[in-house]
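Have a look at the structure below, then the notes.
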Amino acid sequence: MKRTHNCGELRRSDLGKDVFLIGWVNVRRDHGGLLFIDLRDRYGITQVLFDAKLLSSSKSLHSEDLIGVGGKVQERPKGTINNKLVTGEIEVFAEKLFLLNKSKDLPFELSHDLKVAEEIRLTYRYLDLRRPIMQKRLIMRHRLVKLIRDYLGKKEFLEIETPILTKSTPEGARDYLVPSRLSPGDFYALPQSPQLFKQLLMVAGFEKYFQIARCFRDEDLRADRQPEHTQLDLECSFMTQEEILAIIEEMIGMLFEEILSLKIPLPFPHLMYQEAISKYGTDKPDLRDEKKTNFSFVWVEQFPLFQFNKEQDRLDPQHHPFTLPMEEDLSLLDQEPLKVRGLCYDLILNGQEVGGGSLRIHKRELQEKIFGLIGLSQEVYLSKFGFLLEALEYGAPPHGGIALGLDRLLMLMSGADSIREVIAFPKSGDGSCPLTGAPARVSLQQLKELSLKIDKKNKL
RNA sequence: GGGGACGUAGCCCAGUGGCUUAAGGCUCCGGACUGUCGAUCCGGUGAUCGUGGGUUCGAAUCCCAUCGUCCCCGCCA
């Protein structure tokens, strides 16, 4: 029961060969005296022809049955060549048929368009993912990640993993928490980004780091936001902003060329934050020009380091508290902190933020000053970030980096209208997974081991 | 937390108060057909219109509540 070929590779040059294919029944076309099956696997579709000999058994085949077919590759008669298929000049004349695994009637049709309620698609995601368009998207995702790894590898970047179980920090989005069994009452947090760890890797002297990193944020979902998303996270020592951006631009140019056969004009245009706001009224303008490519990248840089938080009557970091202020603005820190600009940059594609980064503070004194300016008491910042501050005291190198949202980038590259379309098993709008039923109750025993009790108001 | 749209057979969808015994396409079932390619043709099964309540002589169609889905705002350093 070993296949000799996949469903996308037979050509005219294979005429006469005895082959064995395995695949799913994509479509059945029954003509009475003969019957066609479009056999599908991840590589493509090959037409299989059944005549009188195997007719009765082939007639019972249904969509998505898994079958094995032994037969001979033959030329299609003149006028019946299908130009839509790369295998369209040939067909396999079936001599043996094995029903390997039957399929139930499908909850929705795979061979039609995507107009099916998303909840149903997600409940049966393993079927939804059989559709060629979904396979294409995930294959594109694989290629993108592979190209990134190869590219950064050549540039001497090291791929280093950072913890998923880590520590909650006070800034940013709401954390996902994981209770500690060994330390009752304490919690790990899932990382919102590897930010602190990659800075520590710079202190450790790795100079060029990257990671295809999963990031977690417990906030409400959107078409372009999931509770967990994947970003290309990278960080470099001893590089200027220009050098970092050049690496990203070259990489993105390469990705669009390799994946979409599109030449993206380099370098990307730059806008200062103030300029973007005054000209376009937004810090993520859509600069698409209909005459040219459909993809328009722009860097927006020099964001203010702080923004004023009215409710709390204090300064909040605009980006994150590790961003290096512009040298020429340092003198403003005490008197006019809202005028201080940061050495930071967002990458905007078609009006959507697909990346952001900055040069980082690498000296303890300045970092402490920033913590103070955003209203963290010494007690708080020492308990939350003391390890970082101390690390900066051991000859920490100047460094900076960036993170690109891979789901968003893929969404835009593939023309999908939601990042869920480029994620194999995404969460639905309420953060749940219709397929597995997560999140779900756990047993009392599990809670007990974690020293947790559920508030009865929320029923148990 | 707020706003909007939607919820009709397995899937997609028409129908905005009586002319609908709720239409159509696909799936599914049966039949015909030796060259199709989301085959075609003929026939058939299948929904009381998310749920509950109300208005009315009469409701899928109006009102209220509730549940669910999606989109947006808030939120997302």
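In the text below, chain A, chain B and the rest are named by the order of the sequence lines, each starting its count at 1. For the numbers below, each heavy atom of this structure counts, side chains included, while hydrogens, waters and symmetry mates do not.
One finds no salt bridge joining A:Lys363 and A:Glu393 here, because no Lys/Arg side-chain nitrogen approaches an Asp/Glu carboxylate oxygen to under 4.0 Å. With salt bridges taken as basic N to acidic carboxylate O contacts below 4.0 Å, one links A:Asp30 and A:Lys59. A:Arg364 has a carboxylate O that lies under 4.0 Å from a charged side-chain N of A:Glu368, or vice versa, which qualifies the two as a salt bridge. A salt bridge does not link A:Asp407 with A:Arg420: every distance from a Lys NZ or Arg NE/NH1/NH2 to an Asp or Glu carboxylate oxygen is 4.0 Å or more. Between A:Arg11 and A:Asp14, no side-chain nitrogen of the basic residue sits less than 4.0 Å from a carboxylate oxygen of the acidic one, so the salt-bridge criterion is not met.
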Treating primed atoms plus P, OP1 and OP2 as sugar-phosphate and everything else as base, which nucleotides of nucleotides 70-75 of chain B get B, S or - for protein heavy atoms under 4.0 Å?
SSSBBB
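Between the CZ atom of A:Arg76 and the C1' atom of B:A39 there is a distance of 13 Å, given to the nearest Å. Separating the NZ atom of A:Lys84 from the P atom of B:C37 is a distance of 9 Å, rounded to the nearest angstrom. One interatomic measurement links the two molecules: CG of A:Asp218 to P of B:C76, which rounds to 12 Å at whole-angstrom precision. Distance A:Asp65 CG to B:U27 C1': 14 Å, rounded to the nearest Å.
Aromatic pair A:Tyr209/A:Phe157: ring centres not closer than 6.0 Å.
Within residues 40-54 of chain A, the residues that have a heavy atom under 4.0 Å from RNA chain B are, in order of number, A:Gln47, A:Leu49. Remark: nothing in residues 432-440 of chain A comes within less than 4.0 Å of RNA chain B through any heavy atom.
The aromatic rings of A:Phe36 and A:His31 sit perpendicular, their planes meeting at an angle over 60°, well past the 30° parallel limit.
A stacking contact links A:His31 to B:A39: the aromatic ring centre lies within less than 5.5 Å of the base's six-membered ring centre, and the planes differ by less than 30°. The aromatic ring of A:Phe36 is stacked on the base of B:U36, with the two ring centres less than 5.5 Å apart and the planes inclined by under 30°.
Summarising the local packing, CZ of A:Phe20 is surrounded by more than 12 heavy atoms from other residues, nucleotides or ligands at distances under 6.0 Å.
Side-chain N/O atoms of A:Arg121 and base N/O atoms of B:C11 include no donor-acceptor pair closer than 3.5 Å.
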